[in-house]
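Take a look at the structure below.
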Amino acid sequence: MTAENHELFTHIGKVLYSEEQIRQRVQELGRELSKDYQGKPLVLVSILKGGIVFLADLLRSITIPHVFDVIGASSYRGGTISTGKISITKDLDLDIRGKHVVLVEDILDTGKTLNLVLELINLHEPASLEICCLLDKDHPRELVIPIKYTGFRIPDEFVVGYGLDYQEKYRNLPCIGVLNEEHIHA
Ligand code: PRP
């Protein structure tokens with residue numbers, strides 16, 4: 001099943017990354033993490049909901065033992081621009097104290113979500129905390145978010161697919177692309 005077979009693919013004006021390009025980059029990130037965390041107690045932590053598609057592929061490309069958990073956070077509330085108001089809807093289930101945590105996120109936009117989630121995770125006192133973010137958007141931001149592992153740097157455009165939504169749709173598209181204007185409702 002390719003992206004072109006998806007009903008919602010016709011809403012995409014420009015594909016930024018194909019399924020194959022994403023697969024290859026995720027494999028590379030998995031190899032890097034497997035090497036860097038060899039012999040260490042690794043916990044991947046992802047952010048609901050967008051991050052879980054990336055997490056699902058990334059964890060299967062990591063060849064060392066590890067566990068994962070999810071945190072609930074949401075900001076966009078259905079639009080294309082961040083409201084800036086982030087709510088935490090779910091905390092960690094696992095005890096990560098003294099463990100090496102990699103925060104797995106789909107996209108860095110204003111940085112407000114990651115900033116808040118980093119604070120929350122640090123309260124749990126991990127041994128280390130790094131970020132693995134699939135998309136780093138070229139968006140002017142005041143917050144400095146240190147990303148150790150980046151998938152792709154993308155232009156400042158509203159993108160969907162591979163977990164990223166517009167009004168909850170498009171998360172199941174295997175590629176990442178920019179929506180046609182006509183499908184964005186003010
Ligand atoms: C999106 C995305 C990131 C966040 C990035 O989540 O998945 O978590 O926005 O934006 P920021 O850097 O400006 O904070 P959203 O709040 O839309 O929730 P979702 O993952 O459930 O779609």
Is a side-chain donor or acceptor of S74 paired with a backbone partner of S87 at a separation under 3.5 angstrom?
no

Kindly indicate whether the side chain of I131, heavy atoms from C-beta on, has any atom under 4.5 Å from the side chain of V102.
no

Nearest 0.5 angstrom please: H124 NE2 to I71 CD1, how far?
6.5 Å

Closest non-hydrogen atoms of F68 and L94, given as atom of the first, atom of the second and distance, are O-CD1, 3.5 Å

Any heavy-atom pair between the side chains of Y17 and I154 that's under 4.5 Å?
yes

Report yes if the side chains of L129 and N122 come closer than 4.5 Å at any heavy-atom pair, otherwise no.
yes

pair Y162-L173: side-chain heavy atoms closer than 4.5 Å:
no

Between Q21 and S18, is there a donor-acceptor pair closer than 3.5 Å when you use the side chain of the first and the backbone of the second?
yes

Just verifying a value: how many Å separate D109 CG and E105 CD, rounded to the nearest 0.5 Å?
10.5 Å

In terms of heavy-atom contacts, E19 and A3 come closest through OE1-N, 4.1 Å

Could I get the full list of side-chain hydrogen bond (donor to acceptor under 3.5 Å, both in side chains) partners for K90, not counting sequence neighbours?
D93

For a 4.5 angstrom cut-off between non-hydrogen side-chain atoms, does I147 reach T150?
yes

Just how far is it from atom SG of C175 to atom CD of E20, taken to the nearest 0.5 Å?
13.0 Å

Which of I52, D106, V117 passes side chain to side chain contact (heavy atoms under 4.5 Å, CB included) with I47? It is V117

Decide yes or no on side-chain contact (heavy atoms from CB on, under 4.5 Å) for I62 and L44, but give the supporting numbers first.
CA-CA 10 Å; I62 295 177; L44 301 182; 3.8 Å; yes

Would you say the side-chain atoms of K137 pair up with the backbone N or O of E157, donor to acceptor, closer than 3.5 Å?
yes

Show your reasoning for whether side-chain contact (heavy atoms from CB on, under 4.5 Å) applies to L135 and V159.
CA-CA 10 Å; L135 305 174; V159 293; 4.1 Å; yes

Give a yes or no on whether the backbone of K112 and the side-chain of T110 come within a donor-acceptor separation of less than 3.5 Å.
yes

Within the structure provided, determine whether P126 and K99 are in side-chain contact (heavy-atom separation under 4.5 Å).
no

Spell out, as yes or no, whether a donor-acceptor pair under 3.5 Å connects the side chain of S46 to the backbone of V104.
yes

I'd like to check R97 versus D95 (side-chain heavy atoms, cut-off strictly below 4.5 Å). Are they in contact?
yes

Assess whether side-chain hydrogen bond (donor to acceptor under 3.5 Å, both in side chains) is satisfied between H11 and N180, documenting all intermediate values.
CA-CA 6 Å; H11 295 198; N180 277 324; over 6 Å; no

With under 30° as parallel and over 60° as perpendicular, where do the rings of Y166 and F158 fit, or are they tilted in between?
perpendicular

Apply side-chain hydrogen bond (donor to acceptor under 3.5 Å, both in side chains) to E4 and T2, showing your working.
CA-CA 5 Å; E4 289 80 359; T2 63; 3.2 Å; yes

Using side-chain contact (heavy atoms from CB on, under 4.5 Å), reason through L179 and Y170 one step at a time and then give a plain yes or no.
CA-CA 10 Å; L179 266 186; Y170 305 98; 3.5 Å; yes

Any idea which heavy atoms bring A73 and T113 closest together, and the distance?
CB-CG2, 4.1 Å

So V160 and L8, side-chain contact (heavy atoms from CB on, under 4.5 Å) or not? Walk me through it.
CA-CA 11 Å; V160 295; L8 292 171; over 6 Å; no

Grab the two heavy atoms, one from A127 and one from G98, that are nearest each other, plus how far apart they are.
CB-O, 3.4 Å

Got a donor-acceptor contact below 3.5 angstrom from the S34 side chain to the T63 backbone?
yes

CD/E130 to OH/Y37 distance, rounded to the nearest 0.5 angstrom?
5.0 Å

May I ask you to say whether K49 pairs ionically with E168, meaning some side-chain N is under 4.0 Å from a carboxylate O?
yes

Heavy-atom check, side chain of I176 versus side chain of V15, under 4.5 Å
no

At what distance, to the nearest 0.5 angstrom, does CG of L33 lie from CD of Q38?
12.0 Å

Can you name the closest pair of heavy atoms from L108 and G111 and give their distance?
CD1-CA, 3.3 Å

Heavy-atom count check: over 12 atoms from other residues, nucleotides or ligands less than 6.0 Å from F152 CZ?
yes

Got a sec, which residues hit side-chain hydrogen bond (donor to acceptor under 3.5 Å, both in side chains) with D136, two or more places apart in sequence or on another chain?
R141

Working to the nearest 0.5 Å, report the span between CD1 of I184 and CD of E182.
10.0 Å

Ignoring hydrogens, what is the shortest heavy-atom contact between H183 and H185? Give both atom names and the distance.
O-NE2, 3.6 Å

Would you confirm whether D69, through its side chain, and V45, through its main-chain N or O, come within 3.5 Å as a donor-acceptor pair?
no

Lys/Arg N to Asp/Glu carboxylate O, K35 vs E32, below 4.0 Å:
no

